[in-house]
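To start, the structure itself, in structure tokens.
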Amino acid sequence: MIIAPSGTGALLNNIDLQSAKPDQSFVAALVKAFQWQELIDQGVYASPKELAEKENIEVTHVYRVMRLTMLAPDIVEAILDGKQPRTLTLQNVVRGFPISWKEQRAQFGFNEPI
């Protein structure tokens, strides 16, 4: 389960709110990332490496997808709502991003939440 904070009020650049539609592959990757994190948190798997081995998935894929759990909550909420900037794609995110939420917002075209 993904729980995004309500009222984060992220302001976005480069988005047409009239045609906002969630990117289903991006949403699916987010869901998978948080599900995998929950399995590790619950002790079903000891590590992402063990999860990869038991599920027969490349460990690098698991780490890339699980990195999505480190996105700022307002960015996750925007993705789930289909309201992220056009430049914020799954392909861009899996290449890597800063840990700092402030730096993420700057890199992906978000203004600071109010």
Side-chain angles (χ1 to χ4, degrees):
M1 175 185 348
I2 299 173
I3 302 172
S6 61
T8 53
L11 301 174
L12 305 175
N13 298 324
N14 303 318
I15 183 165
D16 177 4
L17 294 177
Q18 299 299 322
S19 63
K21 191 168 97 175
D23 175 340
Q24 293 305 313
S25 61
F26 209 158
V27 170
L30 278 168
V31 169
K32 186 177 291 187
F34 281 92
Q35 286 174 338
W36 287 348
Q37 185 63 58
E38 188 172 338
L39 290 171
I40 291 168
D41 291 346
Q42 292 175 348
V44 175
Y45 300 109
S47 66
K49 183 178 178 182
E50 182 182 344
L51 183 149
E53 290 169 356
K54 300 280 182 167
E55 299 292 331
N56 199 27
I57 305 168
E58 288 291 326
V59 70
T60 55
H61 175 71
V62 171
Y63 280 115
R64 264 185 259 132
V65 171
M66 287 188 68
R67 189 179 309 139
L68 298 175
T69 63
M70 294 187 291
L71 285 169
D74 54 308
I75 294 176
V76 171
E77 184 175 10
I79 294 164
L80 294 175
D81 291 342
K83 296 178 181 176
Q84 76 272 19
R86 290 185 196 125
T87 57
L88 177 56
T89 65
L90 179 59
Q91 292 77 19
N92 290 340
V93 171
V94 296
R95 291 184 185 132
F97 55 86
I99 299 296
S100 162
W101 291 352
K102 183 176 184 173
E103 290 175 23
Q104 289 174 18
R105 290 180 189 108
Q107 179 175 331
F108 297 132
F110 289 78
N111 294 322
E112 283 298 310
I114 299 172

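Residue numbers count from 1 along this sequence.
- A 4.5 Å side-chain heavy-atom check between L88 and F26 finds at least one atom pair inside the cut-off.
- In this structure, CZ in F108 is found 6.5 Å from CG in L71, a value given to the nearest 0.5 Å.
- Looking at every heavy atom in both residues, R105 comes nearest to D74 through NH2-OD1, 2.8 Å.
- For the pair Q104 and F110, the minimum side-chain heavy-atom distance is 4.5 Å or more.
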(request) Would you sort out whether Q35 and E38 count as a side chain to side chain contact (heavy atoms under 4.5 Å, CB included), showing the intermediate values? (result) CA-CA 5 Å; Q35 286 174 338; E38 188 172 338; 5.6 Å; no
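- Rounded to the nearest 0.5 angstrom, Q42 CD and Q37 CD are separated by 10.5 Å.
- M66 is connected to I57 through a chain of hydrophobic side-chain contacts under 4.5 Å among Ile, Leu, Val, Met, Phe, Trp and Tyr, so both are in one cluster.
- There is a path of hydrophobic side-chain contacts, each under 4.5 Å, that joins I40 to V44.
- Counting heavy atoms from C-beta on, the side chains of L80 and V27 come closer than 4.5 Å.
- One distance of note links CZ of R86 with CG of D23; it measures 13.5 Å at 0.5 Å rounding.
- Closest heavy-atom contact between P85 and G109: CG-O, 3.7 Å.
- Here S47 contributes atom OG and E53 contributes atom CD; the two are 7.0 Å apart, rounded to the nearest 0.5 Å.
- To the nearest 0.5 Å, atom CG of residue L68 and atom CE of residue M70 are 8.5 Å apart.
- At most 12 heavy atoms of other shown residues, nucleotides or ligands fall within 6.0 angstrom of atom CD in E58.
- Taking CD of Q107 as the start and CD1 of I75 as the end, the distance is 9.0 Å to the nearest 0.5 Å.
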Residues 89-100, side-chain donor-acceptor partners within the protein, below 3.5 Å, at least two apart:
residue : atom : partner : partner atom : Å
T89     : OG1  : N92     : N            : 3.2
T89     : OG1  : N92     : ND2          : 3.2
N92     : OD1  : R95     : NH1          : 3.0
N92     : ND2  : T87     : O            : 2.7
S100    : OG   : K102    : N            : 3.3
S100    : OG   : E103    : N            : 3.2

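- Residues W36 and V31 fail the side-chain proximity criterion, which asks for heavy atoms closer than 4.5 Å.
- Using a 3.5 Å distance cut-off with no hydrogens or angles, the side chains of E55 and Y45 do pair a donor with an acceptor.
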